[in-house]
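Structure, as structure tokens:
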There are 2 protein chains.
Amino acid sequence: MTTTGDRTSPPAATHSIPTATVQRLPEYLRALHALGDTDGDTISSEALAAVTGVSSAMLRKDLSYLGAAGVRGVGYEVSLLTNRISTTLGLTRYYRVALIGMGHLGQALARYPGFASRGFHIAAIFDASPDLIGSRHGNHIVRDISELSGAVGEEDINIGVIATPETAAQQVADLLIDAGITSILNFAPCVLTVPQSVVVRKVDLAVELQLLSFHEHHKALQRSERDQQL
Amino acid sequence: MTTTGDRTSPPAATHSIPTATVQRLPEYLRALHALGDTDGDTISSEALAAVTGVSSAMLRKDLSYLGAAGVRGVGYEVSLLTNRISTTLGLTRYYRVALIGMGHLGQALARYPGFASRGFHIAAIFDASPDLIGSRHGNHIVRDISELSGAVGEEDINIGVIATPETAAQQVADLLIDAGITSILNFAPCVLTVPQSVVVRKVDLAVELQLLSFHEHHKALQRSERDQQL
DNA sequence: AGGTGTGAACGTATTCACAGCA
DNA sequence: TGCTGTGAATACGTTCACACCT
């Protein structure tokens with residue numbers, strides 16, 4: 001089954017799960033939560049696929065990589081599946097997040113309810129600007145970026161979120177890495193250079209719009225081709 | 001070369017460009033802008049690949065889909081390449097964006113400098129809350145969501161950005177689609193049901209953290225395996 | 001030399017279709 | 001009968017390696 005062999009069966013190793021599958025797991029989890037995991041009811045791959053926007057075959061294959069726990073002829077028990085996915089994603093623990101950069105985006109992130117509700121606690125907030133240092137946002141007081149290194153150790157921080165301007169992003173990443181952080185979420189529109197052991201995910205808001213632009217452009221081209229040529 | 005045949009050569013059809021390639025084009029473009037397109041200097045695939053974090057082979061292949069314009073033994077002329085990519089992405093025109101939902105995230109998006117600088121103008125802002133309607137953010141006054149439908153036509157809006165809570169997202173999407181919008185950027189953590197002709201891109205901030213969680217978890221597992229088993 | 005453009009090889013992801021179990 | 005779990009088939013994406021041009 002899995003490449004690991006077959007010493008014991010169910011939860012299955014997190015290695016060998018295709019990255020494409022991993023990227024869909026949070027969506028499955030979100031849909032399951034939205035269903036409300038009241039008592040021991042089940043859901044079919046068809047039904048869960050419908051609300052998550054994937055095909056049922058893909059969903060079944062994805063879940064099979066987790067050593068899935070469906071019952072033939074019935075479906076997946078919601079609470080069991082929820083646990084399975086949470087465990088695979090490593091969401092059985094809390095993560096402590098450092099947020100760096102308190103511009104408008106950083107302020108929005110600091111208050112984003114989706115973080116806390118999914119087990120990510122913003123443990124500390126930093127900026128370099130004297131105007132912002134000391135100011136309060138939600139429960140937190142913005143600290144000087146120079147305190148970052150110490151805070152990571154003292155506050156047991158696991159994840160760094162960079163919401164600085166592009167020009168500061170690499171320096172901040174270097175500080176985070178020196179402090180021992182190995183997972184970074186980067187909102188600055190630039191590529192970070194990091195050691196292999198560090199995982200960076202990047203969110204570039206403008207890129208998303210540019211991709212929509214491509215599709216608009218593409219649709220327009222197709223229309224004009226059809227209209228003109230025939 | 002391209003599936004289209006060979007009537008004329010260079011700019012190449014936007015169809016038949018692999019989606020994986022399209023998704024990298026904005027990053028190439030950003031890197032080219034960051035280089036500063038002073039006069040007619042060139043860049044090699046090796047150099048551009050380095051700053052964009054891809055392999056040079058992949059970069060060359062990606063660019064070849066655009067009917068690329070490199071010179072063997074020399075490289076790509078920066079300004080020409082910039083144009084080629086911009087044209088492919090449909091960035092030769094301005095887009096007018098409607099932003100719906102003026103919570104903290106919406107406020108940050110309204111002021112995000114990366115939109116305007118890349119040709120996306122926020123043309124109108126909407127919310128459903130009476131507390132927010134009429135308030136000013138940047139140059140804009142928040143309008144009642146009921147005005148959305150009319151505004152899309154009057155203000156020639158092409159793209160809708162949803163920054164509402166999850167509960168309102170589908171309704172807002174329906175309004176946008178009724179008004180004729182075919183491109184939506186969705187920040188609400190839910191799947192939107194839309195006709196095939198409508199393109200939705202979704203950004204879920206919590207999902208990004210959950211994916212980092214997976215990697216942290218994975219690394220921890222690997223460590224414990226190594227430590228224990230040998 | 002130096003660096004692009006690209007077929008061919010490889011690897012990964014998705015879909016199909018059905019055996020097998022409740 | 002109904003729905004999972006999964007091999008086999010297909011489609012897609014990436015890497016390799018080299019012919020070809022300047």
Side-chain angles (χ1 to χ4, degrees), chain A residues 1-4 6 9-25 27-28 32 40-78 80-81 84-85 88 211, chain B residues 1-6 9-13 15-25 27-28 32 40-78 80-81 84-85 88 211:
Chain A
M1 277 192 177
T2 5
T3 46
T4 345
D6 54 328
S9 37
T14 46
H15 15 285
S16 84
I17 300 180
T19 57
T21 293
V22 172
Q23 303 204 91
R24 285 185 293 266
L25 293 179
E27 185 58 40
Y28 300 155
L32 288 167
D41 47 0
T42 61
I43 188 167
S44 71
S45 64
E46 200 71 51
L48 186 54
V51 297
T52 53
V54 304
S55 73
S56 65
M58 196 157 92
L59 177 58
R60 288 200 301 280
K61 179 138 283 198
D62 281 346
L63 296 183
S64 79
Y65 292 117
L66 323 190
V71 179
R72 293 174 204 238
V74 178
Y76 300 88
E77 199 199 318
V78 173
L80 193 150
L81 188 53
R84 203 46 83 73
I85 297 175
T88 306
L211 294 174
Chain B
M1 282 191 175
T2 7
T3 46
T4 345
D6 55 329
S9 35
H15 14 286
S16 84
I17 299 180
T19 56
T21 294
V22 172
Q23 303 203 89
R24 285 186 291 265
L25 293 179
E27 186 57 41
Y28 301 155
L32 288 167
D41 48 359
T42 61
I43 187 168
S44 71
S45 63
E46 200 71 50
L48 186 54
V51 296
T52 54
V54 303
S55 73
S56 64
M58 195 158 93
L59 176 58
R60 288 201 301 279
K61 180 139 282 199
D62 281 345
L63 296 183
S64 78
Y65 292 117
L66 323 190
V71 178
R72 294 177 203 234
V74 179
Y76 300 89
E77 198 200 318
V78 174
L80 194 150
L81 187 54
R84 203 47 82 74
I85 297 175
T88 305
L211 294 174

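In the text below, chain A, chain B and the rest are named by the order of the sequence lines, each starting its count at 1.
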side-chain contact (heavy atoms from CB on, under 4.5 Å) evaluation trace for Ile85(B) with Leu32(B): CA-CA 10 Å; Ile85(B) 297 175; Leu32(B) 288 167; 4.0 Å; yes
Chi angles and distances behind the side-chain contact (heavy atoms from CB on, under 4.5 Å) call for Leu25(A), Thr88(A): CA-CA 9 Å; Leu25(A) 293 179; Thr88(A) 306; 4.1 Å; yes
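Atom CD of Gln23(A) has more than 12 neighbouring heavy atoms from other residues, nucleotides or ligands inside a 6.0 Å radius.
Here Arg24(A) contributes atom CZ and Thr19(A) contributes atom OG1; the two are 9.0 Å apart, rounded to the nearest 0.5 Å.
The separation between Gln23(A) atom CD and dA13(C) atom C1' is 12 Å, rounded to whole Å. Remark: P of dC3(D) and CG of Leu81(A) are 16 Å apart, rounded to the nearest angstrom. In this structure, Leu48(B) atom CG and dT4(C) atom C1' are separated by 13 Å, rounded to whole Å. Between the P atom of dG2(C) and the CD atom of Glu46(B) lies a distance of 13 Å, rounded to the nearest Å. Put simply, CG on Asp41(B) is 17 Å from C1' on dG3(C), counting in whole angstrom units.
Between Ser45(A) and dC3(D) there is no side-chain N or O to OP1 or OP2 distance below 4.0 Å.
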Collect all protein-nucleotide pairs involving nucleotides 19-22 of chain C in which both atoms are nitrogen or oxygen and the distance is under 3.5 Å.
from    : atom 1 : to       : atom 2 : distance (Å)
dG20(C) : N3     : Arg72(A) : NH1    : 3.4

Listed pairs under 3.5 Å, donor-acceptor, residues 47-57 of chain A side chains, sequence neighbours left out:
from     : atom 1 : to       : atom 2 : distance (Å)
Thr52(A) : OG1    : Leu48(A) : O      : 2.8
Thr52(A) : OG1    : Ala49(A) : O      : 3.3
Ser55(A) : OG     : Met58(A) : N      : 3.2

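Nearest heavy atoms, Arg60(B) versus Ser45(B): NH1-OG, 3.2 Å. The heavy-atom pair separating Val22(B) from Ile17(B) by the smallest distance is CG2-CG2, 3.6 Å.
The closest side-chain heavy-atom distance from Val71(B) to Thr42(B) is not below 4.5 Å.
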Summary of protein contacts for nucleotides 8-17 of chain D, nucleotide by nucleotide, where a base hit scores B, a sugar-phosphate-only hit scores S (4.0 Å, heavy atoms): B----SSB-B
